[in-house]
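Residues: numbered from 1 along the sequence shown. Any value given below was found using the heavy atoms of this structure, including those in side chains, with hydrogens, waters and symmetry copies removed.
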Amino acid sequence: MLATPDHHLPGECRDWLRALADDLIPAAGPMPSAAAAGIDSEQLDVVLRARPDLVPDLLRAWTATTGLPAGAALKHLRDLDDAGYQAVLLAAAGSYYTNREVRELLGYTGQQPRTVHIAEDIDEDLLHRVVERGPIYRPA
């Protein structure tokens, strides 16, 4: 079964990926497992919109390992299909870390603008002379 033009994977492939991701990212302390974090839902769509090149590798990996338990499927991919294995890892981790609860538990607020203040003891006249002088270097 092929992915639709908007990079969605078939439900069976999402179920397969959820099982593999749960094997890769189990629950630990307050952190939810990959399945509990809903990696097979909208979060996966976010990853696939950013990386549509993963879809063929995920579909191939799914087709090659359908019916295998998660651990055996991961071992098969790791041993025989590195591109498929890497696609699974990236899709699982990317989907997991797009979950708001996971980011909050980690204390990650995303990229934030910061204002940098120049130390008061720096002589700005020295800096202006360097800027006006221009770059000084030897070509390598």
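For Ala70 against Ala19, the heavy-atom pair with the smallest separation is CB-O, 3.7 Å. Across all their heavy atoms, Leu68 and His76 have their closest contact at CD1-CB, 4.3 Å. Between Val47 and Gly94 the shortest heavy-atom distance is CG2-C, 3.5 Å. Taking both residues in full, the closest heavy atoms of Asp22 and Ala35 are given as OD1-N, 2.9 Å, listed atom of the first, atom of the second, then distance. Across all their heavy atoms, Tyr96 and Ala34 have their closest contact at CD1-CA, 3.9 Å.
Residues Pro32 and Leu105 have side chains in contact (heavy-atom distance under 4.5 Å, counting atoms from C-beta outward). Put simply, the side chain of Asp81 does not reach to within 4.5 Å of the side chain of Thr65, judged on heavy atoms. Within the 4.5 Å cutoff, the side chain of Glu42 has no heavy atoms near those of the Val46 side chain. Contact of the Ile39 side chain with the Ile25 side chain is not registered, since no non-hydrogen atoms from C-beta on lie closer than 4.5 Å. In this structure, the side chains of Val102 and Tyr97 come closer than 4.5 Å at one or more pairs of heavy atoms. A 4.5 Å side-chain heavy-atom check between Leu77 and Arg60 finds every atom pair outside the cut-off.
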Give the C-alpha distance, both sets of side-chain angles, the deciding distance and a yes or no for side chain to side chain contact (heavy atoms under 4.5 Å, CB included) between Leu74 and Leu20. CA-CA 7 Å; Leu74 288 167; Leu20 268 61; 3.8 Å; yes
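Between the side chain of Tyr85 and the backbone N or O of Ala61 there is no donor-acceptor pair closer than 3.5 Å. A donor-acceptor contact shorter than 3.5 Å links the side chain of Arg103 to the backbone of Thr98. A donor-acceptor pair under 3.5 Å is absent between the side-chain atoms of Asp57 and the main chain of Ala87, judged by distance alone. Between the side chain of Glu12 and the backbone N or O of Thr66, no donor-acceptor pair lies under 3.5 Å.
The number of heavy atoms from other shown groups lying within 6.0 Å of CZ (Arg133) is above 12. When the shell of 6.0 Å around CD of Gln111 is examined, it contains 12 or fewer heavy atoms from other residues, nucleotides or ligands.
Linking Ile, Leu, Val, Met, Phe, Trp and Tyr residues whenever their side-chain heavy atoms come within less than 4.5 Å places Leu106 and Leu24 in a single cluster. Under the 4.5 Å side-chain heavy-atom criterion for ILVMFWY residues, a single connected hydrophobic cluster contains both Leu89 and Leu58. With hydrophobic clusters built from ILVMFWY side chains whose heavy atoms lie under 4.5 angstrom apart, Leu90 shares a cluster with Leu9.
A side-chain contact (heavy atoms from CB on, under 4.5 Å) with Leu54 is found for exactly one of Leu44, Leu48, Leu59, namely Leu48.
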